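Right, I'll just put the structure down here and ask away after.
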Number of protein chains: 2
Amino acid sequence: MEEWINQLQRNGYKLTRPRRLLLEYLESMERPFTADELYHELSRSGIGRATVFRALKLFLELDILVRVHLEEGCQHYQASPGFPGDDHHHDRIICRSCGDIQLLDQCPMRDDVSTIAHRSGYRLQGHHLDLYGICSRCDQKTHGLDAEE
Amino acid sequence: MEEWINQLQRNGYKLTRPRRLLLEYLESMERPFTADELYHELSRSGIGRATVFRALKLFLELDILVRVHLEEGCQHYQASPGFPGDDHHHDRIICRSCGDIQLLDQCPMRDDVSTIAHRSGYRLQGHHLDLYGICSRCDQKTHGLDAEE
DNA sequence: TTCAAAAATGATACTTTGTATCAATTGGAG
DNA sequence: CTCCAATTGATACAAAGTATCATTTTTGAA
């Protein structure tokens, strides 16, 4: 939160009431959310739709937010896993059932990436790894339907 | 192409003129494209906008297409790298300058994935890895601006 | 072949997601 | 405190995608 506010001001953006409220919401939201959710939540405080979208865009640029990419589309956003300027490097594990997102603290790509870069002739800037599956909680729930009771 | 048509019919979908034209276009397009591009290209053959979107959705489900996820959004589609039913496993390396996409033939995640799954308690179903960088062609062009001429 | 049923299509209207415009407001440097 | 650029909210718009429905096509059986 403090970090985010610094990140804003360091880049010459003002800390306004709407932005503060948005950041507070971000901090409290662990799960991915849509722009619309965000708007409906904050419109009660008088924040306009345009402002929400403007802030989303800004926060993405400042690495305060990241998009959550699902096969259905990417209308979901989430507070950025790493701290700002984190080299655009997001490794996550996502539950297809409940939407839970775990961040991978240790990047599984460490050695491989440079090898790949070399072979492909690319100058790599970052990567984005999403693992998809079912979290243990959901897994148990599903099995419960058959086995239990 | 043959494979795609089988994939359609195997799942009980009809091979219609619009779908054939769409598949032909897909086959010829190596780069990612937007729905709008596709529509404008094919509207001359009398294919309607709704049909294009319907087909995109269907082709995604059938793994004939995949979305290309960029930080700006994911309005781009591309013919699926693997053959259908490929376990939802897409590893790519994408040029942020020209949009070129190389497919990684060998998955760099082989061992790591199972380790991660175990630690996280997830039952993994698939993953999606995008590496971002600048391809050698674009890299040379950029350097050319300074050095050359 | 022909034919009928189901699936698919194209036109249209609509929803959702996001952007541009612009007058009114506000944060924060001095 | 004051002022000015940055920001805001309202509104209108654009782009991306979906729902509806009457009409057309595909396909499989007679």
Side-chain angles (χ1 to χ4, degrees), chain A residues 2 4-26 32-62 64-78, chain B residues 2 4-26 32-62 64-78:
Chain A
E2 275 309 304
W4 291 340
I5 292 173
N6 288 343
Q7 174 71 349
L8 261 182
Q9 299 188 321
R10 208 181 309 137
N11 287 273
Y13 296 103
K14 290 180 176 174
L15 177 60
T16 61
R17 197 181 93 91
R19 282 176 187 164
R20 191 178 12 246
L21 289 173
L22 282 161
L23 289 178
E24 278 166 17
Y25 184 81
L26 286 195
F33 51 85
T34 62
D36 211 51
E37 262 179 81
L38 195 52
Y39 171 55
H40 277 100
E41 189 62 30
L42 294 180
S43 59
R44 288 182 281 125
S45 314
I47 280 108
R49 224 174 70 88
T51 300
V52 169
F53 278 102
R54 275 187 290 236
L56 283 177
K57 203 178 176 191
L58 178 62
F59 293 173
L60 282 175
E61 272 165 27
L62 294 178
I64 291 173
L65 280 183
V66 294
R67 282 179 193 275
V68 178
H69 298 268
L70 303 171
E71 235 7 80
E72 311 88 77
C74 50
Q75 284 78 43
H76 289 76
Y77 301 83
Q78 194 192 32
Chain B
E2 275 309 305
W4 290 341
I5 293 173
N6 287 344
Q7 175 70 348
L8 261 183
Q9 299 188 322
R10 207 181 310 137
N11 287 274
Y13 296 103
K14 291 179 177 175
L15 177 60
T16 60
R17 196 181 94 91
R19 283 175 185 165
R20 188 173 19 241
L21 289 173
L22 282 161
L23 289 178
E24 279 166 15
Y25 183 82
L26 285 195
F33 50 85
T34 61
D36 210 52
E37 262 180 82
L38 194 54
Y39 170 54
H40 278 101
E41 188 63 30
L42 295 180
S43 59
R44 287 183 281 125
S45 313
I47 279 107
R49 223 174 73 87
T51 301
V52 169
F53 278 102
R54 275 187 290 238
L56 283 177
K57 203 177 175 190
L58 179 62
F59 292 173
L60 282 175
E61 272 166 26
L62 294 178
I64 290 173
L65 279 183
V66 293
R67 282 179 194 276
V68 178
H69 298 269
L70 302 172
E71 234 10 76
E72 310 89 76
C74 49
Q75 284 77 45
H76 289 77
Y77 301 83
Q78 195 192 31

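Because the structure is predicted, anything quoted here is derived from the model rather than measured. Below, chains carry the letters A, B, ... as their sequence lines are ordered, and counting in each starts from 1.
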message: Can you measure B/Gln75 atom CD to D/dT18 atom P for me and round it to whole angstrom units?
response: 12 Å
message: Would B/Phe33 and B/His76 count as a side chain to side chain contact (heavy atoms under 4.5 Å, CB included) here? Give the steps.
response: CA-CA 5 Å; B/Phe33 50 85; B/His76 289 77; 5.9 Å; no
query: Given atom CG of A/Leu22 and atom P of D/dT8, what is their separation to the nearest angstrom?
result: 9 Å
message: For the backbone of A/Glu37 and the side chain of A/Thr34, can you confirm whether one donor and one acceptor N or O come within less than 3.5 Å of each other?
response: yes
Side-chain heavy-atom pair B/Lys57, B/Arg54 within 4.5 angstrom cut-off: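 Of all side-chain heavy-atom pairs linking B/Arg54 with B/Lys57, none is under 4.5 Å.
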query: Of all heavy-atom pairs between A/Val52 and A/Ala35, which one has the smallest distance, and what is that distance?
result: CG1-O, 4.0 Å
field: Sugar-phosphate only, base, or nothing, as touched by B/Arg17 at under 4.0 Å among non-hydrogen atoms
entry: sugar-phosphate
- request: Give me the bend of the helix from C/dT1-D/dA30 to C/dG30-D/dC1, using the axes of the five pairs at each end, rounded to 10°.
  value: 40°
- prompt: Going by heavy atoms in the side chains, are A/Leu38 and A/Tyr77 under 4.5 Å from each other?
  reply: no
- request: Under 4.0 Å from any atom of DNA chain D, heavy atoms only: list the residues of residues 43-51 of chain B that qualify, in numerical order.
  value: B/Arg49, B/Ala50
task: Answer yes or no: is there a side-chain heavy-atom contact under 4.5 Å between B/Arg19 and B/Leu58?
output: yes
- prompt: Can you find a heavy atom in the side chain of B/Glu24 that is under 4.5 Å from one in the side chain of B/Leu21?
  reply: yes
message: Using a 4.0 Å cut-off to any heavy atom of chain A, which nucleotides of DNA chain C are the first and last in contact, reading 5' to 3'?
response: C/dT17 to C/dG28
task: Report the residue (A/Lys57 or B/Tyr13) whose heavy-atom-nearest nucleotide on DNA chain C is the more 5′ of the two.
output: B/Tyr13
- prompt: If you take all heavy atoms of B/Arg17 and B/Ile47, which pair is closest and at what distance?
  reply: NH2-CD1, 4.4 Å
message: I'd like to check A/Tyr39 versus A/Thr51 (side-chain heavy atoms, cut-off strictly below 4.5 Å). Are they in contact?
response: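 In short, these two side chains do not touch, never coming nearer than 4.5 Å.
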message: Of the options D/dA6, D/dT18, D/dT27, whose atoms approach the side-chain atoms of B/Gln9 most closely?
response: D/dT27
field: Length of the line joining A/Asn11:CG and D/dT7:P, which is rounded to integer Å
entry: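 Distance, rounded to whole Å: 11 Å.
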field: Smallest separation among heavy atoms of A/Gln9 and A/Leu15, with atom names
entry: NE2-CB, 3.6 Å
message: Please pick, from D/dA5, D/dC21, D/dA16, the nucleotide with the shortest atom-to-atom distance to any side-chain atom of A/Lys14.
response: D/dA5
message: With nearest nucleotide decided by heavy atoms, which residue, B/Leu15 or A/Arg54, maps closer to the 5′ end of DNA chain D?
response: A/Arg54
message: Expressed as a whole number of angstroms, how long is the span from B/Phe59:CZ to D/dG17:P?
response: 16 Å
query: Heavy atoms under 4.0 Å, any strand shown: does A/Tyr77 hit a base, just sugar-phosphate, or nothing?
result: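 Result for A/Tyr77 = sugar-phosphate.
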task: Return the value, rounded to whole Å, for the distance between atom CZ of A/Phe53 and atom C1' of D/dT7.
output: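 To the nearest whole Å, that distance equals 18 Å.
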message: Let me confirm one number: the CG-CH2 distance from A/Leu65 to A/Trp4, rounded to the nearest 0.5 Å.
response: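 Result: 7.5 Å between the selected atoms.
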